[in-house]
Amino acid sequence: QVQLVESGGGLVQAGGSLRLSCAASGSIFSINGMGWFRQAPGKQRELVAAIASGSSTNYADCVKGRFTISRDNAKNTVYLQMNSLKPEDTAVYYCFLSSHIVYWGQGTQVTVSS
């Protein structure tokens, strides 16, 4: 069993920054990748950013240049640095870990006020 614990969400004004963290623990045999999805009210869950085991990264077009994903392999932790936040970034952010199956965190709320 793998557990993902997220932290770092909150309320911030437009133009501000937040840093999300997601720490994985439990029976982790291999990690193909980790990353973040988000879901805003009334919208589908969408990929925000992902980082593979080889450290290659992938970003949604709407966050490129503003968000940076990084990973500490020794701690099985993934981070999402979010800068220049916009009201449209408001959503619940979910961490995921891709192994032989995909594990999900419980979600953390990010609210950006205008």
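These numbers come from a predicted model, not from an experiment.
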Query raised in the report: Between OG of S84 and CZ of R66, what distance do you get to the nearest 0.5 Å?
Result: 7.0 Å
Report task. To the nearest 0.5 angstrom, please state how far the CG atom of N58 sits from the CD1 atom of I69. Result -> 9.0 Å
Query raised in the report: Within the distance-only criterion (no hydrogens, no angle test), does the side chain of T90 pair as donor or acceptor with the backbone N or O of V112 below 3.5 angstrom?
Result: yes
Requested in this report: Starting at CD of Q1, measure out to OH of Y103 and round the result to the nearest 0.5 Å.
Outcome: 6.5 Å
Query raised in the report: Are any of the side-chain nitrogens in D89 or K86 under 4.0 Å away from the carboxylate oxygens of its partner?
Result: no
Query raised in the report: Hey, quick one: are W36 and V12 part of the same hydrophobic cluster, counting side-chain heavy atoms closer than 4.5 Å, chains of contacts allowed?
Result: yes
Query - The single option from Q109, Q39, R38 passing side chain to side chain donor-acceptor pair (under 3.5 Å) against Y93 - result: R38
Report task. Could you pull out the closest heavy-atom pair between A14 and S114, with the gap in Å? Result -> CB-CA, 4.3 Å
**Report entry** Side-chain touch V78/S70, heavy atoms, less than 4.5 angstrom
**Finding:** no
Query raised in the report: Could R45 and Y94 be counted as a cation-pi pair, given that NZ or CZ must be under 6.0 Å from the ring centre and within 45° of the axis?
Result: yes
Query raised in the report: Taking all atoms of both residues into account, what is the closest heavy-atom pair of A50 and L47, and its distance?
Result: CB-CD1, 4.3 Å
Requested in this report: Answer with yes or no after comparing the ring centroid distance for F96 and F37 against a 6.0 Å cut-off, counting only values under it.
Outcome: yes
Report task. Provide the closest heavy-atom pair for C95 versus M34 in the form atom of the first, atom of the second, distance. Result -> SG-CE, 4.5 Å
**Report entry** Co-membership, hydrophobic cluster, residues I51 and V102, 4.5 Å side-chain
**Finding:** no
Query raised in the report: How many angstroms lie between atom CG of L80 and atom SG of C22, to the nearest 0.5 angstrom?
Result: 10.5 Å
Requested in this report: Rounded to the nearest 0.5 Å, what's the gap from CG on L4 to CG on N76? Could you check?
Outcome: 10.0 Å
Query raised in the report: Which atoms form the tightest heavy-atom contact between L97 and A24, and what is the distance?
Result: CD1-CB, 3.6 Å
Query - Donor + acceptor pair across side chains of N83, S17 (<3.5 Å) - result: yes
Requested in this report: Evaluate ring-ring contact (aromatic ring centres under 6.0 Å, His included) for F67 paired with Y59, printing each intermediate quantity in order.
Outcome: CA-CA 8 Å; F67 291 10; Y59 294 94; 8.2 Å; no
**Report entry** Main-chain N/O of S99 paired with N32 side-chain donor or acceptor, under 3.5 Å
**Finding:** yes
Query raised in the report: Is it the case that one hydrophobic cluster holds both I31 and F29, taking links as side-chain heavy atoms less than 4.5 Å apart, direct or via other members?
Result: no
Query raised in the report: How far does OH of Y79 sit from CZ of R71, to the nearest 0.5 angstrom?
Result: 12.0 Å
Query - Verdict with reasoning, L18 to V110, per side chain to side chain contact (heavy atoms under 4.5 Å, CB included) - result: CA-CA 9 Å; L18 284 173; V110 171; 3.9 Å; yes
